[in-house]
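Presented below is the structure to which this report refers.
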Amino acid sequence: MKYLLSTLVSAVFLFGIFSSQTEAQIIELRQTVYGMDCAPCAHGLANRISNMEGVESVSVSLNNSLLEVTFNAENDLTLREIQKSVEDSGFQPKEAELKITGFIKKENGNTFVLETQTDEEYILIPNDQEIEALVNDLTQQVVVTGKTNEEEEEESEIPLIIESIENIKG
Amino acid sequence: MTLWRKIFPILLVTGLNLLSTGAFAQGGHGPVFTLATPTLGQGELSFDAMVMSVRQDQNAWMIRQNWHYGITEDIQFNLSIPTPLRKTAQPPQGRLGTLMGTYGDFEASGLFRFFKTYPGGGKRFESTLLVSGTMPTEKRRRGIQVGPSVNGAVVSGYASRTIYGWLGGGYQYYGSSGGDQLGDITYLTAVFGYRPPIFQHDYPKPDWRIFIECVTEWVGNDYLDNHRVDGTEGRRTLIGPTLLGLYGKWGLSGGILFPLDSDFRANNQQEDYRLSLVISYWF
């Protein structure tokens, strides 16, 4: 009985994790920010980002010019929204490293695009690996870790250099 | 009434002002007397309370309360409210702090950062235009009826984790009042700042830096009953150190400027020093 109960609790717990992961968009973000020189700069940015709905934790490093954000499972924030907030604080967002969930679709032959729950889409750029070799099933939701370019243009799709892709099971 | 009894209620109210709010924002860079390029993020608010003094034969004291609001990340609105504590009979003409006006003048200003570039992490180069207007809170100054004034300035500078520097200049013109007119003020300012490596801690540890500030002012003649008052024009240059400390929501800065050179003939335009102590709070 105890074994059954513990199994049931574990299943519910794991179901909760993977269910929440499939609902999330951005999971983690490390955003390089130029222009922050002093404590009020960091504090203002940290406060602005932490007040955004869906943000779980924020850390700002002046010496590394870095904004690190973790997001809760139900967030629907986009990278563009975070970067707009950086600009509204008076600074310049540069390249970003992010962990993000979504579905991969194939467009125009060999272009792979990560679709997310929001309108934001990412053009996946393989890094020495073919995407099809990494993703067994394009109908499965995946977690992609990657980097954006330093200078992004205001395109609807954001180029993302892949570091890893994991299938989400469940 | 002693000076302390005059100051205490104002400091108390100012302190309560500072403690009563709970939100947060970004503030300026630190120079006390000279032009800089302060910026606030969009929708953000900061407040300074400062005690200032200018000494001639005796000290004149003033408290200023300054409010700053970021309309956008490049446009900032400021209000500076003076509370003279002790006046001298013949206060010198000049801007005590180039971002906050002179004796007894209520000042509203707008800052527009029209150029910015980010050469690297923790660095920026930017230029800002300042436009302001003042209204006097006293009828006469040095026996001259005081009219409103307009002021315009431009400043460019560099901010980084180690080095700061700004160079700017401006012009303030006083309108006439009852046939009297205070002399106009043309000014140049320069400031160099340094954050020693020991204070280049990462946020949120304490952040200290030191500045060397320099102001040169050219003051025009006063006019009394439409007649020029000879000998009231001249030029002065002041230089001195200031210090800025930041921790969490709070900032503390202060400094003193001493005259380096002056060619004023009128004794009432001489200054022995300018002194300022500022408490800042970011909402």
Side-chain angles (χ1 to χ4, degrees), chain A residues 29-53 55-70 77-78 80-98 147-154, chain B residues 22-30 37-46 70 72-76 113 116-126 158-164 193 195 197 199-209 244-251 280-283:
Chain A
L29 172 67
R30 288 166 54 88
Q31 174 69 61
T32 299
V33 178
Y34 276 14
M36 298 188 295
D37 64 280
C38 64
C41 301
H43 207 120
L45 179 61
N47 189 62
R48 183 184 291 271
I49 301 297
S50 64
N51 283 335
M52 298 178 80
E53 197 171 335
V55 169
E56 194 165 273
S57 70
V58 177
S59 171
V60 178
S61 168
L62 292 170
N63 290 339
N64 297 321
S65 301
L66 196 62
L67 164 69
E68 293 181 283
V69 187
T70 60
L77 289 168
T78 65
R80 292 275 192 237
E81 286 172 332
I82 300 291
Q83 292 180 336
K84 176 69 167 62
S85 289
V86 170
E87 290 171 347
D88 287 345
S89 292
F91 311 119
Q92 186 177 47
K94 306 294 277 188
E95 68 271 15
E97 295 177 42
L98 62 163
K147 275 188 181 180
T148 65
N149 293 330
E150 183 169 304
E151 298 291 342
E152 287 181 33
E153 296 179 5
E154 290 295 323
Chain B
F24 236 106
Q26 168 199 355
H29 295 294
T37 53
T39 57
L40 287 173
Q42 183 179 17
E44 295 172 346
L45 184 68
S46 70
T72 72
E73 68 274 18
D74 295 321
I75 300 175
Q76 182 175 307
R113 185 172 62 164
K116 58 189 178 190
T117 184
Y118 305 94
K123 303 172 186 175
R124 65 172 182 262
F125 182 84
E126 53 199 7
Y158 175 79
S160 73
R161 294 289 293 148
T162 307
I163 299 290
Y164 293 83
R195 180 192 279 110
F199 290 120
Q200 290 177 25
H201 302 302
D202 215 330
Y203 170 78
K205 290 187 177 176
D207 177 354
W208 288 90
R209 69 199 86 151
L244 167 68
L246 300 165
Y247 182 68
K249 303 180 182 185
W250 298 90
S280 301
Y281 184 78
W282 288 271
F283 294 92

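Note that these values count all heavy atoms, side chains included, but never hydrogens, waters or copies made by symmetry. Order of the sequence lines fixes the chain letters, A, B, ..., with proteins taken first and strands second; residue numbering starts at 1 for each chain.
A pairwise comparison of heavy atoms in A:Ala39 and B:Leu246 identifies CB-CB, 4.3 Å as the closest pair. Of all heavy-atom pairs spanning A:Ser65 and B:Gly121, the tightest one is OG-CA, 3.1 Å. The two atoms that bring A:Ala42 and B:Tyr203 nearest to each other are CB-CG, 3.5 Å, heavy atoms only. Residues A:Arg48 and B:Gln42 come closest through the heavy atom pair NH2-O, 2.6 Å.
Around atom NZ of B:Lys116, more than 12 heavy atoms belonging to other residues, nucleotides or ligands sit under 6.0 Å away.
Rounding to the nearest 0.5 Å places CD of A:Glu87 at 12.0 Å from OG1 of B:Thr72. Within the model, atoms NE2 of B:His201 and CG of A:Leu62 stand 12.0 Å from one another, a figure rounded to the nearest 0.5 Å. A distance of 5.0 Å separates CG in A:Asp37 from CZ in B:Arg124, rounded to the nearest 0.5 Å.
The ring pair (Phe, Tyr, Trp, His ring centres under 6.0 Å) check on B:Tyr158 picks up nothing, with sequence neighbours excluded. The salt bridge (Lys or Arg N to Asp or Glu O under 4.0 Å) check on A:Glu81 picks up nothing, with sequence neighbours excluded.
Only the backbone of B:Ser160 comes within less than 4.5 Å of a heavy atom of chain A; no side-chain atom from C-beta onward does. For B:Asp202, the parts lying near chain A are the backbone and the side chain together; criterion is any non-hydrogen pair under 4.5 Å.
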(request) Evaluate the side chain to side chain contact (heavy atoms under 4.5 Å, CB included) criterion for residues A:Cys38 and B:Tyr164: first the C-alpha distance (whole Å), next the side-chain angles of each, then the deciding distance (0.1 Å), finally the verdict. (result) CA-CA 11 Å; A:Cys38 64; B:Tyr164 293 83; 4.1 Å; yes
